[in-house]
Amino acid sequence: MDISVVVPLYNEEESIAELYAWIARVMNANDFTYEVIFVNDGSTDRSWQIIEDLQSKHSEVKGIKFRRNYGKSPALYCGFKRAEGDVVITMDADLQDSPDEIPELYRMIVKDGFDLVSGYKQKRYDPLSKTIPTNLFNATARKVSGIKNLHDFNCGLKAYRKDVVKSIEVYGEMHRYIPYLAKNAGFDKIGEKVVHHQARKYGKTKFGGLNRFFNGYLDLITLWFLSKFGVKPMHIFGCLGSVMFILGFIAAGVIGINKIYDMYCGNHYRLITDSPYFYISLTLMLLGTQLFLAGFVGELISRNSPERNNYLIEKEI
C-alpha cells in the first residue's frame, strides 16, 4: 500500500464526508493505493455514524472509536499502530489542511529520501490568540530541539516514512514534538514544505491558544529532559545531589572549625545553632540526599510505564 492517511478528529461531523471525498479524488487522480484511518476521539456528535456510513461504502475507510476524549496524541498513536502504508500522512479533519498537498509530500518521502516532512502554514487564517503563542512556541522549539529548518512544529499536515511512525511513541500531548521525537529516534532527515492553509469552514477550533502555549512549553521541557537524562536519571539527580551534599558537608566543616576556634579563645557559650552555616549545611545535606535517592529510584523504575498508552477503544471498523 502506498499511503495511509491518519485523521484524528473530535466533533467534526460537518467536514468528515467532504474531507474523505477530497482525499479520494487526489488519490485516484495519482493512482495511489491508500487507506484513510479516522480516529474518533470521543466525539459527542454524529462523527462516528458518518465514519461507519463511509466505511460501508468505501473499503479504503477504516475507523477507531475511543470511549472518551483522550486527546490528539493518543489518537495519532493508535492510528500509527494500525497504518499499513509505506508513507503515513496526518492531517486534521477541519478542512484547514489541503489533501492536494499529498502527492508532493509523498514524493519528498519516496524520491527525495526524507524520513519526515512537516507542513509549514506560512500564511495562516487562525485568530491572534492562536498564532501569537504558536510563533513563540515554534521559536523556542527550534532552539531546544536543534531542528533549525522547521518553522511550524505543530502543523497537523505531515508525512512520514512508515519506519518512523512504528519507531516513535506519541503520548500525552507530545504530538507537537513528533519531529523532535523522530530526531531522538535516529531519523534526522527532516524536511519542510510550505502548505496551503485554509480558513476553517465549519465550527470553531478545539484548541485554545493560551492553553496550548503553556502546555507546549511544559511538554518541551519534559521532552528535552527525557532526551538528555531519561535513560540515566542518576546522571542529573545523582550529580546535583552529590554537589549539594558536598557543599553541605563543607558548611558543616566550617561550623566545626568555628566552634573549635571559639573554644580555643575561651568563648564556650556560643552555640552551633547561632551560625547560619548550621542551617545551610543541614538543608543542603538533606536536599542532596533526597536528590540522590530520587535519581537512584528513577534509575530503577526508568521512565517507561506499561499503562501509558492503554486507551479504551470501543470499536474498530
Side-chain angles (χ1 to χ4, degrees), residues 73 133 135-148 150 153 167-188 210-309:
S73 290
N135 290 335
L136 293 173
F137 156 75
N138 282 317
T140 305
R142 283 195 298 272
K143 184 70 174 179
V144 173
S145 68
I147 307 176
K148 306 296 185 182
L150 292 192
F153 279 73
S167 301
I168 62 175
E169 182 185 20
V170 187
Y171 63 94
E173 295 187 22
M174 291 298 177
H175 59 274
R176 301 180 180 94
Y177 305 107
I178 290 181
Y180 196 7
L181 291 170
K183 179 186 175 184
N184 289 339
F187 299 99
D188 55 1
L210 290 177
N211 180 62
R212 184 174 64 167
F213 177 75
F214 290 115
N215 289 343
Y217 274 107
L218 292 175
D219 289 337
L220 182 59
I221 293 171
T222 299
L223 187 55
W224 174 84
F225 184 86
L226 291 177
S227 68
K228 296 292 184 181
F229 308 107
V231 178
K232 292 291 183 181
M234 181 60 92
H235 287 185
I236 180 65
F237 289 110
C239 179
L240 288 175
S242 298
V243 169
M244 285 191 172
F245 189 88
I246 291 171
L247 290 175
F249 187 81
I250 292 173
V254 171
I255 294 173
I257 293 172
N258 283 339
K259 182 62 177 178
I260 293 173
Y261 178 77
D262 287 340
M263 292 177 67
Y264 176 78
C265 295
N267 184 8
H268 299 283
Y269 300 100
R270 184 178 178 184
L271 299 176
I272 290 178
T273 53
D274 291 338
S275 171
Y277 288 107
F278 170 77
Y279 300 101
I280 293 174
S281 63
L282 185 63
T283 301
L284 287 175
M285 293 177 75
L286 285 174
L287 287 176
T289 302
Q290 289 178 340
L291 284 172
F292 188 89
L293 289 175
F296 181 72
V297 173
E299 194 78 18
L300 292 177
I301 66 175
S302 185
R303 71 182 180 91
N304 298 311
S305 170
E307 299 297 319
R308 183 165 62 198
N309 280 313

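Every heavy atom of this structure was used, including side-chain atoms; hydrogens, water molecules and symmetry mates were not.
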> Of all residues at least two apart in sequence or in a different chain, which pass the side-chain contact (heavy atoms from CB on, under 4.5 Å) check with F187?
D115, D163, V164, S167, A182, A185
> Quick one: closest heavy-atom pair of R142 and K148, and the distance?
CD-O, 3.6 Å
> Using the test side-chain contact (heavy atoms from CB on, under 4.5 Å), find all partners of L150 that sit at least two apart in sequence or belong to another chain.
S118, I147, F153, P179, I190, E192
> Rounded to the nearest 0.5 Å, what separates atom CD1 in I246 from atom CE in M285?
11.0 Å
> Could you state the interatomic distance from CE (M244) to CG (L284), rounded to the nearest 0.5 Å?
6.5 Å
> Looking only at non-hydrogen atoms, find the nearest pair between S281 and G248 and report the distance.
CB-O, 3.1 Å
> To the closest 0.5 Å, what do you measure between CD1 (I255) and OH (Y279)?
9.5 Å
> Please enumerate all residues that pass side-chain contact (heavy atoms from CB on, under 4.5 Å) together with T289, with sequence neighbours excluded.
F245, L293
> Supply the atom-to-atom distance L286 CG to L291 CG, rounded to the nearest 0.5 angstrom.
11.0 Å
> Measuring from S73:OG to Y177:OH, what's the distance to the nearest 0.5 Å?
10.5 Å
